Amino acid sequence: MITKTLGELAQYVNGRVFGDSNVKISSAATLGRAGAGDISFLSNDKYEKQLLSTKASAVIVGKDTVAAGNVPLLIAEDPYYAFMQIMVLLHGHRKHKKVGISPRAIISDSAKIGAGCNIHDFATISDGAKIGDGCVIYPCAFVGENVQVGNDCILYPNVVIYEGCRIGSRVIINSNACIGEDGFGFATHNGVHHKIPQIGSVVIEDDVEIGACCGIERGTLNDTIIGQGSKLGDLIAIGHGTKVGAHCLLVAQVGIAGSTTLGHHCIVGGQAGIVGHIALGNHVAVGAQAGVINNVADGKVVLGAPAIDAGQGKRAYGMIQYLPEMKQSIRDLQIQLKQLLAGGEDEPTSPTEAKNPS
Amino acid sequence: MITKTLGELAQYVNGRVFGDSNVKISSAATLGRAGAGDISFLSNDKYEKQLLSTKASAVIVGKDTVAAGNVPLLIAEDPYYAFMQIMVLLHGHRKHKKVGISPRAIISDSAKIGAGCNIHDFATISDGAKIGDGCVIYPCAFVGENVQVGNDCILYPNVVIYEGCRIGSRVIINSNACIGEDGFGFATHNGVHHKIPQIGSVVIEDDVEIGACCGIERGTLNDTIIGQGSKLGDLIAIGHGTKVGAHCLLVAQVGIAGSTTLGHHCIVGGQAGIVGHIALGNHVAVGAQAGVINNVADGKVVLGAPAIDAGQGKRAYGMIQYLPEMKQSIRDLQIQLKQLLAGGEDEPTSPTEAKNPS
Amino acid sequence: MITKTLGELAQYVNGRVFGDSNVKISSAATLGRAGAGDISFLSNDKYEKQLLSTKASAVIVGKDTVAAGNVPLLIAEDPYYAFMQIMVLLHGHRKHKKVGISPRAIISDSAKIGAGCNIHDFATISDGAKIGDGCVIYPCAFVGENVQVGNDCILYPNVVIYEGCRIGSRVIINSNACIGEDGFGFATHNGVHHKIPQIGSVVIEDDVEIGACCGIERGTLNDTIIGQGSKLGDLIAIGHGTKVGAHCLLVAQVGIAGSTTLGHHCIVGGQAGIVGHIALGNHVAVGAQAGVINNVADGKVVLGAPAIDAGQGKRAYGMIQYLPEMKQSIRDLQIQLKQLLAGGEDEPTSPTEAKNPS
């Protein structure tokens with residue numbers, strides 16, 4: 001266990017301390033659960049009043065947080081980034097046991113395995129596959145023929161990579177994810193669906209993380225591409241020939257159909273769907289559960305199904321709940337107007353008209 | 001095969017018989033497919049007329065069912081519960097072959113395995129893991145370091161449990177489900193997403209069942225918790241630090257983002273999504289495909305995306321189909337009113353106005 | 001590598017050539033990436049202008065395409081089908097290595113394995129299972145007790161088939177898919193959910209393909225059925241006792257609840273959901289993300305959630321974006337009418353009323 005003073009941590013993350021910089025920190029915890037020795041993090045304004053009651057030894061906050069309570073603060077330009085740095089410093093990333101190359105793994109004679117790899121029991125490395133240095137391949141992972149994996153990748157248990165896919169370096173693929181299965185491509189002729197060979201592949205660039213139980217189809221002709229530094233949550237489906245740009249964030253259960261292109265730094269909310277053969281620009285944000293059916297320009301934020309500009313969409317979709325009363329209002333207006341018109345023809349202000357609303 | 005008379009079954013489930021209590025029952029089948037020796041179950045009022053035609057030897061019904069046809073009835077207070085009891089009596093739950101501890105499973109020397117376990121070929125039990133008594137662990141299941149599993153659990157083939165997760169007793173986890181993969185937590189700094197160590201874990205309490213291909217993330221700081229007796233369908237994604245209360249039912253493809261809390265006895269319909277950092281009370285029901293973005297109080301029923309109170313929501317969302325005619329009605333009203341106002345200024349009832357609607 | 005002249009290909013697919021029929025073709029590529037020796041395919045009208053710039057040696061088009069540019073055309077009645085035929089001719093389907101029966105696979109003495117099967121390391125074939133001729137079963141696939149698999153099936157790595165399921169011939173099941181896990185059936189009594197034995201099974205008929213990470217539940221009493229020639233994309237959830245007819249296409253992330261019936265030749269778009277206990281006819285099409293809650297008649301196209309007839313639905317759901325202005329229009333009308341009525345009572349034609357809309 002690593003212990004640092006708050007002052008040392010502030011220096012490490014290039015922040016400054018408000019309060020006692022000598023408190024000792026060895027772990028991180030949420031405001032509600034932290035105790036002595038823990039540093040906490042104000043992740044959301046709605047937790048701000050917890051600053052008064054937390055038992056944390058210190059809290060990481062942004063520059064605009066008003067000091068409250070007696071807890072020492074670590075004030076950082078980008079507090080979430082500082083939190084990440086401190087989490088890595090104190091806790092580190094997952095350690096992987098050094099198992100070397102298990103004699104119970106199946107490794108083809110024609111496969112090439114880099115230096116310092118750990119390949120567990122029951123893993124399969126097929127003919128012609130090439131694994132870089134320092135990779136960890138857990139039990140029952142399957143690496144197909146001629147797959148290329150870069151350096152320092154982690155394939156968790158039961159990951160499957162079909163033949164010929166190319167994985168960059170420092171890629172993490174979580175359990176039960178599947179890379180490179182055939183694209184959903186069938187030619188229907190006389191009512192029968194004929195399978196089209198999918199001769200494209202999947203390319204996963206450096207520093208990508210893929211969540212558990214994702215399915216990323218190989219392309220029909222072109223490759224399916226997940227761009228550098230992009231992160232995919234769990235249970236995501238990516239269609240054949242689709243290209244996700246660099247540094248995108250796709251939240252769990254997103255689905256993107258085939259031949260669609262996302263630019264870089266896009267964020268797609270959970271359960272959102274994007275149809276095939278369209279293009280989203282750079283820095284596009286898509287709301288959770290949205291259904292995107294048209295191209296989206298750089299920097300736009302869209303939501304709803306069908307997805308529209310967020311400014312308009314937030315009001316519009318939030319207004320569905322008023323449909324019954326809107327319908328009633330229209331009906332009332334129709335009646336009133338009808339009365340008015342009927343009345344206007346012979347006797348505009350007759351009170352009896354009002355009693356006979358059609 | 002077990003055979004009982006209808007009278008014996010009625011006694012077993014604390015119900016009573018209408019008709020011949022001596023018919024022999026050895027199996028269960030649907031109304032449409034049942035034959036001699038089968039007991040059937042009226043699961044849904046719309047199948048009620050099948051009581052006239054069924055060839056079942058008996059049918060389980062509720063107290064309010066009107067006797068129809070000649071088929072003997074087993075009348076029970078809670079007919080679905082009686083059906084369950086009889087299914088268990090006649091058919092039992094899945095039997096698991098006694099295989100003991102396979103020499104082809106990998107079991108760490110530092111793992112502890114309880115009495116009467118069956119651990120199949122190619123299963124992995126990692127360092128420090130502790131498995132209770134009477135567990136069944138199928139091929140290619142992976143139990144990570146220091147995982148704790150209670151008594152009488154079943155891990156179906158290819159289940160993966162990442163390190164340190166704690167599983168209660170009588171928990172069933174179906175194939176290709178993944179427990180404890182890292183939460184989707186990244187700090188974005190200068191356009192690059194930096195992985196935050198996820199030091200929380202996953203706690204699955206007693207009597208939980210998890211469906212096939214689910215992904216349950218470990219927490220960033222706090223644990224992700226699935227409460228006692230809750231049942232999750234297939235392909236469900238649960239975010240980091242989320243807490244599902246006891247005795248909840250989550251239908252297939254539900255997604256719940258991180259740091260959200262569900263009370264006990266909640267029911268979440270298929271494909272529904274719940275955003276992060278909110279709280280649903282006890283006995284909340286969420287409609288299929290709903291999108292819940294705000295706290296929900298105890299006992300509320302919500303539906304739609306965005307989710308609103310069901311009473312209002314059912315009408316409101318059902319009214320979207322009338323939008324084109326509503327829009328037309330508004331347009332008509334505008335024209336009529338404009339004519340009226342224009343006409344009112346010089347000649348209210350002039351027929352020429354009507355020809356010039358704007 | 002196979003090389004054919006364009007004339008030979010045209011003859012093979014029963015089409016005709018416009019331009020030089022002697023160009024040599026050995027591969028397929030997209031219009032944008034094709035080079036010498038490649039045949040391309042005009043999949044979508046919006047790519048039609050690429051005919052002017054493509055470097056392909058030939059392009060497959062439909063009868064109604066206007067010749068453009070100098071590229072030779074292969075004109076086919078059903079161009080997508082011709083494309084499929086040529087893809088199979090030139091590239092073929094995936095080749096599977098001949099590994100025979102691995103000594104590291106676990107095959108029960110009571111299992112029957114047909115001629116010419118390839119069963120890889122770490123696969124499990126349980127007691128009483130029967131595998132037809134020419135099947136390929138990849139590492140860590142699990143075939144449960146008494147499962148029947150027809151001829152020429154492919155089970156990719158980590159596929160799990162629970163006991164007693166019946167798989168036809170030429171069925172392809174992609175990685176990490178799960179067939180026959182228990183249906184989501186619980187009887188709730190005094191707040192506790194009691195598991196109901198699921199004694200139905202799953203039947204997958206001939207020529208079906210199942211995507212990666214799908215979950216297909218076994219039935220409570222009746223079998224869950226996937227009809228002949230149907231194709232399922234990735235991450236699809238099928239509920240217990242549901243019957244998908246022949247030659248259906250289900251796109252990724254579709255969910256169908258239990259006891260629902262689809263006729264033949266249905267198409268269900270990505271992420272669509274269908275509730276339990278309803279019936280869809282033959283040739284029904286369901287839009288992506290739709291929520292189908294009622295029966296649908298033969299040949300109907302539905303979309304939206306709740307799903308309605310597509311003709312109406314496309315306009316209606318597209319109109320949600322106008323709700324704010326519709327609400328404003330209603331408000332304006334109410335005010336105008338109120339003024340008119342108020343004015344009408346004492347001074348119907350006063351022009352000042354119109355200038356003071358409040």
Side-chain angles (χ1 to χ4, degrees), chain B residues 28-30 33 44 46 78 80-81 83-85 87-88 91-94 97 104 120-122 138-140 156-158 174-176 209 211-213 229 231 233-235 247 249 251-253 265 270-271 288-289 305 317-318 320-324 326-327 330 333-334 337 340-341 344-345 348, chain C residues 106 122 124 127 140 142 145 158 160 162-163 176-178 181-182 184 186-189 191-197 199 213-215 217 221-222 235 237 239 253 255 257 271 273 275 277 291 304-306 308 312-313 315-317 319-320 322-323 326 329-330 333 336-337 340 348-349 351 354:
Chain B
T30 53
R33 302 217 171 179
N44 196 310
K46 71 177 167 183
D78 182 342
Y80 199 46
Y81 181 60
F83 169 67
M84 181 281 296
Q85 290 176 291
M87 285 288 283
V88 174
H91 296 283
H93 290 293
R94 183 174 284 116
K97 190 179 177 182
R104 282 172 300 264
H120 286 248
D121 315 307
F122 317 135
Y138 273 95
C140 302
Y156 282 103
N158 300 340
N174 282 281
S175 284
N176 296 327
E209 180 161 355
C213 302
K231 312 294 183 183
D234 297 339
L235 285 92
H247 305 296
L249 293 175
V251 180
Q253 295 181 323
H265 292 95
Q271 296 187 334
Q289 291 190 329
Y317 282 95
I320 293 172
Q321 62 184 306
Y322 302 120
L323 275 175
M326 283 170 68
K327 198 154 191 288
I330 292 171
L333 284 164
Q334 287 169 326
L337 199 64
L340 198 65
L341 287 170
E345 276 160 18
Chain C
I106 300 295
F122 317 135
T124 298
D127 295 349
C140 302
F142 176 87
E145 294 179 13
N158 300 340
V160 174
Y162 281 59
E163 83 281 358
N176 296 327
C178 183
E181 71 277 12
D182 282 341
F184 194 71
F186 301 92
T188 303
H189 188 70
V192 176
H193 310 300
H194 298 268
K195 185 174 177 67
I196 300 170
I199 65 170
C213 302
C214 286
E217 295 181 351
L221 296 171
N222 292 339
L235 285 92
Q253 295 181 321
Q271 296 187 331
V275 298
H277 293 274
I308 55 176
Q312 184 183 11
R315 285 194 67 213
Y317 283 96
M319 221 169 255
I320 293 172
Y322 302 119
L323 275 174
M326 283 171 68
S329 296
I330 291 171
L333 283 164
Q336 286 176 287
L337 199 63
L340 197 64
T349 59

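What you see is a predicted model, and the numbers here were worked out from it, not measured in a lab. Sequence lines set the chain letters: A, B, ... in the order given, protein chains first and strands last, and positions in each chain run from 1.
Between B/L235 and C/Q253 the shortest side-chain heavy-atom distance does not fall below 4.5 Å. Taking the side chain as every heavy atom from C-beta outward, C/L221 and B/R33 never approach each other to under 4.5 Å. Side-chain atoms of B/N174 and C/Y162, non-hydrogen and from C-beta on, do get closer than 4.5 Å to each other. The closest side-chain heavy-atom distance from B/M84 to C/F186 is not below 4.5 Å. Between B/P139 and C/I106, the closest side-chain pair of non-hydrogen atoms is not below 4.5 Å. The side-chain heavy atoms of C/I330 and B/L333, taken from C-beta on, include no pair separated by under 4.5 Å.
Heavy-atom distances place the side chain of C/I308, and not its backbone, under 4.5 Å from chain B. Using a 4.5 Å cut-off between heavy atoms, C/L337 contacts chain B through both its backbone and its side chain. With a 4.5 angstrom heavy-atom cutoff, B/Q321 touches chain C via backbone and side-chain atoms both. Looking at B/Q85, neither its backbone nor its side chain comes within 4.5 Å of chain C, counting heavy atoms on both sides. C/E163 touches chain B through its side chain: at least one heavy atom from C-beta onward sits under 4.5 Å away, while N, CA, C and O do not. For B/Y317, the parts sitting under 4.5 Å from any heavy atom of chain C are the backbone and the side chain alike. With a threshold of 4.5 angstrom between heavy atoms, B/A28 approaches chain C through its backbone and through its side chain. With a threshold of 4.5 angstrom between heavy atoms, C/A237 approaches chain B through its backbone and through its side chain.
Once rounded to the nearest 0.5 Å, the distance linking CD of C/Q336 with CD of B/Q334 reads 8.0 Å. A distance of 7.0 Å separates CE in C/M326 from NZ in B/K327, rounded to the nearest 0.5 Å. For the atom pair C/E181 CD and B/E209 CD, the distance stands at 9.5 Å (nearest 0.5 Å). How far CZ of B/R94 is from CD1 of C/I199: 12.5 Å, rounded to the nearest 0.5 Å. Rounded to the nearest 0.5 angstrom, C/I196 CD1 and B/Y80 OH are separated by 3.5 Å. A distance of 7.0 Å separates CG of B/D234 from SG of C/C178, quoted to the nearest 0.5 Å.
Here the side chain of B/H247 pairs no donor or acceptor atom with the backbone of C/H193 at under 3.5 angstrom.
Contact tally against chain B (heavy-atom pairs below 4.5 Å) for C/N176, C/V275, C/N222, C/T124: the top residue is C/N222. Put simply, of C/Q312, C/K195, C/R315, the one with the most heavy-atom pairs under 4.5 Å next to chain B is C/K195. Among C/G239, C/G304, C/G191, the residue with the largest count of heavy-atom pairs under 4.5 Å with chain B is C/G191. Most heavy-atom pairs under 4.5 Å with chain B, from the set C/A305, C/A177, C/A187, C/A257: that is C/A187. With respect to chain C, the highest number of heavy-atom pairs below 4.5 Å among B/A29, B/G229, B/A252 belongs to B/A29. The choice from C/I320, C/V192, C/L323 that makes the most heavy-atom pairs within less than 4.5 Å of chain B is C/I320.
Figure legend: cation-pi geometry between B/K231 and C/F184 absent, as NZ or CZ is not positioned both under 6.0 Å from the six-membered ring centre and within 45° of its axis.
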B/Y138/C/V160 under side-chain contact (heavy atoms from CB on, under 4.5 Å): CA gap, chis, key distance, verdict: CA-CA 11 Å; B/Y138 273 95; C/V160 174; over 6 Å; no
B/Y156 vs C/F142, ring pair (Phe, Tyr, Trp, His ring centres under 6.0 Å): CA-CA, chis, key distance, verdict: CA-CA 10 Å; B/Y156 282 103; C/F142 176 87; 8.7 Å; no
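Minimum heavy-atom separation, C/P306 to B/G318: CG-CA, 4.4 Å.
Judged as a salt bridge (Lys or Arg N to Asp or Glu O under 4.0 Å), and not counting sequence neighbours, the contacts of B/R104 are B/D121.
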